[in-house]
Protein chains: 2
Amino acid sequence: MSNEHPFENIPLEEEITDLSEFFKTFGDPTRLRILFFLAQGEKNVQSITEELGIQQATISHQLSTLRMLRLVSYRKEGRKVFYSLDDHHIFDILKIGIHHIQEGQR
Amino acid sequence: MSNEHPFENIPLEEEITDLSEFFKTFGDPTRLRILFFLAQGEKNVQSITEELGIQQATISHQLSTLRMLRLVSYRKEGRKVFYSLDDHHIFDILKIGIHHIQEGQR
DNA sequence: TGTATATATGCACATATATACATGTATAAG
DNA sequence: CTTATACATGTATATATGTGCATATATACA
């Protein structure tokens, strides 16, 4: 995927805006923890809360952000709500990020 | 790259922190515009300033951020400074991001 | 030396954002 | 209908962040 030709055309204003919102969503430790946990498979809110040891309201707020930016999808089952990563892009970006970080250890 | 097994181990606290800083850097329209421009090849500060039509000081501030997070590298030539994308990861992440955005048009 | 050009940096400020606390809504169970 | 459980949402607030303005540094050139 790398070392190809640059982007055919520089993205439009609107795309830049959307894209920055998209990436911004990865830019918070709590949200990243949620995403990495979801990378293990579908999880409900309670189990996320327990895993991260963070207030339930905080988790819900962040899940709301993740939903809006389409980083996660969800499914209701009774009063539980199960979240999962929205598509493979999310997984790929996390992987590349980790690689970049780990290669950069000085 | 996608649909593989989840991350072997959930990243360490420090990796999460570094990673969120890394992604946060993509989460600003001005920085994204700089990155997309640099994806076309090495550019000096002046040309970036002209391309984006933004204050020189603002560009330098953002380049400083991009340098610290190792999204760009640079090279001095006389009093000019030429910036370029640091490694292929940066390019790849931008590409995946664009794909995600463009697929998501409702 | 002195001046112009290219870039970086310090500081201030307005805005954005993450979290805590309280409360609302929905579903299940008795 | 009442109570408990799972989750979402509203509001307030402290902190982080992007940008503008002024100024500093460095290199080239006269």
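The sequence lines fix the lettering, A, B, ..., with proteins before strands; numbering per chain opens at 1.
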Ring centroids of His61(A) and dT9(D) base under 5.5 Å with planes under 30° = yes
Phosphate OP1/OP2 of dA8(D): any Gln56(A) side-chain N/O under 4.0 Å | no
Is the distance from OP1 or OP2 of dT19(C) to the nearest side-chain N or O of Gln62(A) less than 4.0 Å?
-> yes
Check: Gln56(A)/Ser60(A) side-chain N/O donor and acceptor closer than 3.5 Å | yes
Closest heavy-atom contact between Arg70(A) and Asp86(A)?
-> O-CB, 3.2 Å
Closest nucleotide among dC7(D), dA18(C), dT17(D) to the Lys80(A) side chain = dC7(D)
dA6(C) phosphate, OP1 or OP2, under 4.0 Å from Tyr83(B) side-chain N/O = no
Is the shortest side-chain N/O distance from Gln46(B) to OP1 or OP2 of dA6(C) below 4.0 Å?
-> yes
Which whole-number value in Å describes the distance from Leu63(A) CG to dT19(C) C1'?
-> 14 Å
Determine which nucleotide pairs with dT9(D), using a 3.5 Å limit on both distances of a Watson-Crick or G-U wobble pair.
-> dA22(C)
Are any of the side-chain nitrogens in Glu51(B) or Lys43(B) under 4.0 Å away from the carboxylate oxygens of its partner?
-> no
Under-4.0 Å side-chain N/O to phosphate OP1/OP2 contact, Asn44(B) with dT7(C) | yes
Going only through I, L, V, M, F, W and Y residues with side-chain contacts under 4.5 Å, is there a path from Ile54(B) to Leu32(B)?
-> yes
Atom-to-atom span, CZ of Arg33(A) to C1' of dA18(C) - whole angstrom | 13 Å
Take the protein atom NZ of Lys43(B) and the nucleotide atom C1' of dA6(C), then report the distance between them rounded to whole Å.
-> 18 Å
Is the distance from OP1 or OP2 of dT19(D) to the nearest side-chain N or O of Thr58(B) less than 4.0 Å?
-> no
When the distance from CD of Gln55(B) to C1' of dT9(C) is rounded to whole Å, what number comes out?
-> 14 Å
Distance test, side-chain N/O of Ser64(A) to OP1/OP2 of dA8(D), below 4.0 Å | no
Could you tell me whether the side chain of Arg79(B) has a donor or acceptor atom within less than 3.5 Å of a complementary atom in the base of dT7(C)?
-> no
Nearest-Å distance, CE (Met68(B)) to C1' (dT9(C))?
-> 12 Å
Whole-Å distance separating the NZ atom of Lys76(A) from the P atom of dC7(D) | 10 Å
Kindly say if Thr30(B) contacts the phosphate of dT19(D), meaning a side-chain N or O under 4.0 Å from OP1 or OP2.
-> yes
Applying the 3.5 Å cut-off to both distances, the Watson-Crick or G-U partner of dA28(D) turns out to be dT3(C)
Rounded to whole Å, the CD1-C1' distance (Ile34(B) to dA8(C)) equals 14 Å
What's the CD-P distance between Glu77(A) and dA26(C), to the nearest Å?
-> 19 Å
Which ring pair (Phe, Tyr, Trp, His ring centres under 6.0 Å) pairs, counting each pair once, include a residue from residues 24-79 of chain B, with sequence neighbours left out?
-> Phe7(A)-Phe36(B), Phe23(A)-Phe26(B), Phe22(B)-Phe26(B), Tyr74(B)-Tyr83(B)
Work out which heavy atom in Val72(B) is nearest to a heavy atom in Leu63(B); give both atom names and the distance.
-> CG2-O, 4.4 Å
Contact class for Thr65(B) vs. all strands (heavy atom < 4.0 Å): base, sugar-phosphate, or nothing?
-> nothing
